[in-house]
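The next block holds one structure in the form of structure tokens; read it before the comments.
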Amino acid sequence: MPEIILEVKNLEFSFRTYGGVVKAVRDISFDVRKGELLGIVGESGCGKSVSVQCILRLNPEPPGFFEGGEILYKGKDIVKMSNRELRKIRGVEIGFIFQDPMTSLNPTMRVGKQIEEIFVGRKEVSRAEAKQKALEILELVGINEPERRYRQYPHELSGGMKQRVMIAIALVGQPGIIIADEPTTSLDVTIEAQILDILKELQEKFMTSIILITHDLGVVAKMCDRVLVMYGGKIVEEGPVNAIFYETAHPYTSGLIQSIATLDTSRDEELVPIEGTPPDLFSPPVGCPFAARCEYAMEICGMMMPDRTQVTPEHYSACWLLHEYAPDVELPAVVRTTEAEEITPSPEQVETEERV
Amino acid sequence: MGKYVVKRVGISLLTVLVLVTVVFILVRLMPGDPFSDPKMTPTVKENLNAYYGLDKPLLQQYTTFLGNLMRGDFGYSMKYQNQTVNNLLRQSFPYSLDLGIRALVLSLSLGLVFGIVSARNRGNKIDLFFVVVAVIGTSVPDFIVGAILQYFFAVKWGLFPIAQYKGLAHTILPSIALGFYTMTSVSRIMRASMLEVVQQDYIKTARSKGISNFRITWKHQIRNAIMPVVTVLGPTVASVLTGTFVIESIFAIPGMGKYYVESVQNLDYSMILGQTVFYGIFLVFANMVVDIAYGFVDPRIRIAK
Ligand SMILES: Nc1ncnc2c1ncn2[C@@H]1O[C@H](COP(=O)(O)OP(=O)(O)OP(=O)(O)O)[C@@H](O)[C@H]1O
Ligand code: SF4
Ligand SMILES: [Mg+2]
């Protein structure tokens with residue numbers, strides 16, 4: 001197994017709001033390995049962005065605060081780091097690509113300056129070198145006439161161009177880890193493909209680890225090595241991409257997969273195919289967060305949170321169905337040999353008790 | 001940008017022409033005339049009318065005035081013997097301008113600083129203090145602020161001279177009185193703007209780069225938050241500069257205010273016209289400079305226009 005470079009343990013992060021405390025991330029653990037492309041999927045509001053922003057401490061604190069857990073990076077806990085220590089990591093060791101390129105660039109600063117700003121205050125890189133690096137990186141992310149673009153302001157660039165600039169900002173410091181939070185949601189299909197290609201290339205060329213948040217399971221299937229499936233502030237399933245698609249071990253993941261089979265227009269669509277709504281994070285359910293929507297829900301599901309259970313060595317799922325006393329259920333997954341449309345669930349095998 | 005500047009200058013010139021015309025007509029619509037002293041004999045009156053060209057048809061007077069205006073000549077005062085309007089302006093305008101600039105510099109710089117400080121202390125006692133100051137500043141008229149300042153700082157504590165305009169110490173109270181309203185409104189705008197900008201996505205981007213908090217605040221937050229203040233700068237300059245007249249009279253400053261009131265009472269046509277047009281041109285010009293400067297500050301406007 002490749003070297004683990006980042007380890008998130010029992011992370012809990014909440015926001016204090018006027019309406020009460022929003023428990024956005026509730027006890028999640030995962031690790032990031034060198035050179036891997038780790039996907040995170042899940043419905044809107046399930047805590048994907050908040051989780052990954054914890055890694056660079058980008059959530060506003062306050063109102064956000066850590067309720068517990070640690071994020072280990074190079075032997076140090078990011079949760080306990082001072083601003084000074086964080087600054088040494090941000091941009092140069094861990095880079096971040098934001099979702100909306102339209103609003104994520106400073107409108108009053110030239111594009112080039114926004115890229116080379118990463119090096120301001122870092123003695124190792126001179127001004128001239130910083131500029132050189134900015135120009136090189138612009139070229140690398142596929143922007144023609146880098147000299148001209150360098151001097152332009154964000155409003156002079158198209159959306160796809162702006163996202164390339166965002167990627168350039170994340171890349172220029174040559175970080176070992178890049179976090180890309182839905183980097184292509186606001187772009188059209190061809191540009192999306194180009195942007196994803198750039199990311200994939202980077203990962204292969206520099207052994208960069210990439211955490212990719214997306215709504216698009218097609219992208220996950222094409223790009224990712226491993227996948228985390230999040231729901232209601234928790235990680236409900238985790239495993240190699242093949243295991244997630246072909247040996248699905250969580251009803252929620254199964255629902256997501258079925259949704260692309262039925263909707264077929266996964267792009268830009270939010271994943272809300274499963275009936276019902278995600279749990280209220282102000283007072284999250286004590287049991288399985290998915291219980292209210294799960295067609296396999298049993299009595300225990302509403303009472304206790306299922307443990308993270310190993311399915312195969314690398315594959316974990318948090319679901320009571322994996323308990324030894326639970327009935328045998330075959331979750332619909334992607335069947336390797338048949339078309340997606342032919343997949344049918346087999347509910348007759350499930351002894352679903354009263355929904356909670 | 002060049003086109004934008006040309007357009008802006010054109011609009012300013014047109015504004016001045018309209019201003020001159022309207023003021024010219026309004027002055028003549030006022031009841032009475034400059035030489036209504038009962039002791040004056042009809043012959044003297046006729047002579048005076050002829051001397052100032054008031055016997056000519058109105059249209060001709062208007063064109064003559066415009067012609068002189070082109071050469072920067074406002075003619076003779078009708079009340080101050082042997083004094084040209086230009087001469088009187090030369091004596092009085094520097095005081096008004098000096099007071100106006102001091103008040104502007106003071107109110108803008110303090111307003112921005114207070115806005116930034118209260119945004120950074122959002123919700124705590126410092127912020128609350130500035131809220132109270134702002135409520136006072138926006139609701140109490142400047143002549144009352146002036147009187148209060150005189151009472152405490154001059155009469156009671158003797159820290160500053162109560163009136164006149166002779167040295168740095170004399171300038172402080174009137175500048176504060178004149179700039180107080182602007183200072184509080186600028187600080188409110190800046191505070192709101194700072195709090196809005198801090199929520200913007202690009203601030204998060206800036207934080208993800210590992211640059212210093214100082215740089216984030218300065219280059220990303222303040223640089224963008226200042227835009228709304230720059231937009232209201234034009235009207236602000238105008239309101240401060242016209243406010244000088246009132247403050248001048250409270251602090252006995254020999255600026256344009258004194259002459260202005262007197263010449264209206266005396267129906268001194270050339271003085272009223274001269275002062276109004278001169279001040280009007282000055283304001284229009286100041287506004288134009290602000291607008292063009294705004295184009296340079298905001299790159300989005302610079303390109304678009
Ligand atoms: N600054 C904040 N203050 C209060 N609550 C917040 C804040 N940021 C996020 N949240 C809450 O945290 C929860 C998780 O949000 P998050 O942005 O992580 O969702 P997400 O999975 O990234 O969704 P999306 O797919 O829409 O981006 C949401 O309920 C959201 O309302
Ligand atoms: S079966 Fe129970 S534990 Fe598993 S997902 Fe459904 S509700 Fe949750
Ligand atoms: Mg998100």
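Proteins get letters first, then strands, A, B, ... in listed order; numbering begins at 1 in each. Note that this is a predicted model, so its numbers are computed, not measured.
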A:Gln114 versus chain B, the contacting section by heavy-atom distance below 4.5 Å: both
Can you tell me if CD on A:Gln174 sees more than 12 non-hydrogen neighbours from other groups inside 6.0 Å? no
Applying side-chain hydrogen bond (donor to acceptor under 3.5 Å, both in side chains), can you list everything that pairs with A:Lys113, at least two apart in sequence or on another chain? A:Glu116
If you count heavy-atom pairs within less than 4.5 Å of chain B, which of A:Ile97, A:Ile89, A:Ile169, A:Leu56 leads? A:Ile169
Aromatic ring pairing B:Phe160/B:Phe153, orientation class (parallel under 30°, perpendicular over 60°, tilted between): tilted
Under the salt bridge (Lys or Arg N to Asp or Glu O under 4.0 Å) rule, collect the residues that match up with A:Lys76, sequence neighbours excluded. A:Glu85
For B:Tyr279 and B:Phe245, take the angle between the two ring planes, folded into 0 to 90°, and tell me which bin it lands in: parallel under 30, tilted 30 to 60, perpendicular over 60. tilted
Just so I understand: if I count every heavy-atom pair under 4.5 Å between each of A:Pro107, A:Gly91, A:Gly95 and chain B, which residue has the most? A:Pro107
The reported gap from CD1 in A:Ile210 to CG in A:Leu199 (rounded to nearest 0.5 angstrom) is 5.0 Å
Which atoms of A:Leu86 are under 4.5 Å from chain B, going by heavy atoms: the side chain, the backbone, both sets, or neither? neither
So, the part of A:Met166 with a heavy atom under 4.5 Å from chain B: the answer is side chain
Using non-hydrogen atoms and a limit below 4.5 Å, what part of residues 193-217 of chain B faces chain A? B:Asp201, B:Tyr202, B:Lys204, B:Thr205, B:Arg207, B:Ser208, B:Lys209, B:Gly210, B:Ile211, B:Ser212, B:Asn213, B:Arg215
Measuring from B:Ser187:OG to B:Leu108:CG, what's the distance to the nearest 0.5 Å? 11.5 Å
ring-ring contact (aromatic ring centres under 6.0 Å, His included): which pairs involve residues 77-116 of chain A, sequence neighbours left out? A:Phe96-A:Phe98
Is the backbone N or O of A:Val50 less than 3.5 Å from a side-chain atom of A:Asn59, with the two atoms forming a donor-acceptor pair by type? yes
Is A:Arg57 close to chain B through its backbone or its side chain, or both, or neither, when contacts mean heavy atoms under 4.5 Å? backbone
